[in-house]
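The structure appears right after this line, and notes come after that.
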Amino acid sequence: KGRSSPRRGGSVRPRHLFAHWESVVRRLRAAGKLALFLDFDGTLAPICLHPAEVKIPLPTGRILQRLARHPRVNLYVISGRRMADVRGHVRIHPVTYLGLHGWERSNGKLTESETLRFMQRLRREVEKEMEGLEGIWIQDKTIVFVVHYRRAGDAARRRARAVLATLLAKAGSRVRLMEGKKVWEILPVELKGKGAAVLTLLRESKGRLLPIYLGDDTTDEAAFAALSRGITVRVGEPQPTRARYELRDPGEVCEFLRKLEAEIS
């Protein structure tokens, strides 16, 4: 008995994209323009110990350059990084870059100054309480901050998690926490996430577009759910997801982009 496709309300184990390529091809051929949404870390580029070390493999970059100029493709790179950061890593045009999980756009402005001040105070409290925990470091994204524990031992990670739980309980409903790959990301509630961002972009686009979304983390699940009628692909080790398909790693993402380009050329 075959596995069912994921629905908006829940997660199931997806199907490998290349094993069902013919059904994807039929949708590509029937579509007019494509809205190609790509996450950065873990999707286009392998994850590294430090975000500054991440680089897009050269073959992937070359294909992206060609897809960015293709008349049938609207290309978006959507990341939890700040917009300028992800744009500086990708360096491809024309592309619509979206930072802070889609909330920060090229014409976007940071939210109200009171929220900024609140988030910066909260970050400083977290930094103070976690000072000295080996392997824990905090990344400041101005209105968002991230606690990284990839290099931490179990004891330091447990202590950091307890500190974070206490401080977030004090902060109340003004913030929310998103768990990612060896990170905890703390955001103000105004930042709605990638699902809301991709739906806004599609509403703003002219004509009907077939959305294609590739992402590797829990932060991408909202987009998979929002685009349940599109082509959604989770990248990484097999696990339940709201995406319809799966790819194993950024290497397979590169192969997908190559196959996509061949199909629409």
Side-chain angles (χ1 to χ4, degrees), residues 39-56 77-91 96-153 156-194 196-197 215-220 222-223:
D39 175 50
F40 179 63
D41 295 273
T43 300
L44 287 176
I47 290 176
C48 296
L49 284 175
H50 195 283
E53 300 169 353
V54 175
K55 293 182 180 179
I56 292 182
V77 177
I78 181 168
S79 173
R81 293 173 181 254
R82 292 297 304 267
M83 183 191 65
D85 184 14
V86 69
R87 183 171 53 199
H89 276 78
V90 178
R91 295 181 178 275
T96 299
Y97 292 99
L98 300 110
L100 298 178
H101 307 289
W103 180 81
E104 186 183 29
R105 298 168 62 176
S106 57
N107 59 349
K109 296 180 180 178
L110 291 177
T111 192
E112 295 180 7
S113 58
E114 171 53 32
T115 300
L116 277 170
R117 288 194 294 270
F118 174 78
M119 293 300 297
Q120 290 166 356
R121 286 196 303 270
L122 179 59
R123 174 183 51 78
R124 288 192 292 268
E125 285 186 74
V126 171
E127 286 175 334
K128 180 180 178 181
E129 293 297 321
M130 293 189 185
E131 186 176 1
L133 291 179
E134 188 173 354
I136 301 289
W137 69 279
I138 297 171
Q139 180 183 10
D140 180 14
K141 300 182 184 179
T142 307
I143 198 168
V144 172
F145 63 92
V146 186
V147 180
H148 292 258
Y149 59 90
R150 185 174 297 276
R151 297 176 176 175
R157 177 185 54 80
R158 287 194 297 269
R159 172 59 183 159
R161 188 67 180 88
V163 166
L164 200 56
T166 298
L167 293 178
L168 292 186
K170 287 172 55 180
S173 60
R174 296 187 66 175
V175 298
R176 62 191 182 98
L177 180 145
M178 290 199 302
E179 298 205 27
K181 292 183 176 178
K182 306 294 184 181
V183 299
W184 300 304
E185 189 153 10
I186 297 85
L187 311 91
V189 292
E190 293 95 322
L191 274 65
K192 301 300 183 183
K194 293 181 176 180
D216 76 305
D217 211 343
T218 53
T219 58
D220 299 296

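Sorted by first and then second residue, the pairs that involve residues 128-139 and meet side chain to side chain donor-acceptor pair (under 3.5 Å), not counting sequence neighbours, are Gln139-His148. Residue pairs that meet the ring-ring contact (aromatic ring centres under 6.0 Å, His included) test with at least one member in residues 113-136, sequence neighbours left out, do not exist here. Within the structure, ring-ring contact (aromatic ring centres under 6.0 Å, His included) contacts touching residues 169-193 (residues at least two apart or in different chains) are Tyr149-Trp184.
Qualifying side-chain hydrogen bond (donor to acceptor under 3.5 Å, both in side chains) partners for Arg123, counting only residues two or more places apart in sequence or in other chains: Glu127, Asp140. By the salt bridge (Lys or Arg N to Asp or Glu O under 4.0 Å) test, Arg157 pairs with Asp154, sequence neighbours left out. Remark: Lys192 engages no residue in a side-chain hydrogen bond (donor to acceptor under 3.5 Å, both in side chains) (not counting sequence neighbours). With sequence neighbours left out, the salt bridge (Lys or Arg N to Asp or Glu O under 4.0 Å) criterion links Arg91 to no other residue. Applying the salt bridge (Lys or Arg N to Asp or Glu O under 4.0 Å) criterion to Lys182, with sequence neighbours excluded, gives no partner residue. Under the side-chain hydrogen bond (donor to acceptor under 3.5 Å, both in side chains) criterion, Glu125 pairs with no residue, sequence neighbours left out. Under the side-chain hydrogen bond (donor to acceptor under 3.5 Å, both in side chains) criterion, Asp41 pairs with Arg81, not counting sequence neighbours. Qualifying side-chain contact (heavy atoms from CB on, under 4.5 Å) partners for Ala223, counting only residues two or more places apart in sequence or in other chains: Lys194, Val198, Tyr213. Arg161 pairs by the salt bridge (Lys or Arg N to Asp or Glu O under 4.0 Å) definition with Glu179, not counting sequence neighbours.
When side chains are defined from C-beta on, Arg150 counts as touching Lys181, because their heavy atoms get closer than 4.5 Å. Looking at heavy atoms from C-beta onward, Trp103 lies out of side-chain contact with Val144 at the 4.5 angstrom threshold. Proximity of Val189 to Ser173: side-chain heavy atoms (C-beta onward) are nowhere separated by under 4.5 Å. Here the side chains of Asp217 and Thr43 are not in contact, with every heavy-atom distance at 4.5 Å or above.
For Arg176, the CZ atom counts as densely surrounded, since its 6.0 Å shell holds more than 12 non-hydrogen atoms of other residues, nucleotides or ligands.
A side-chain donor-acceptor contact under 3.5 Å links Glu190 and Thr115.
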I'd like to know whether Ile186 forms a side chain to side chain contact (heavy atoms under 4.5 Å, CB included) with Met119, so could you lay out the CA-CA distance, the side-chain angles of the two residues, the decisive distance to 0.1 Å, and finally the verdict.
CA-CA 9 Å; Ile186 297 85; Met119 293 300 297; 4.0 Å; yes

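Under the 3.5 Å distance criterion, the side-chain polar atoms of Asp216 are left unmatched by any main-chain donor or acceptor of Asp39.
Taking both residues in full, the closest heavy atoms of Val54 and Pro46 are given as CG1-O, 3.7 Å, listed atom of the first, atom of the second, then distance.
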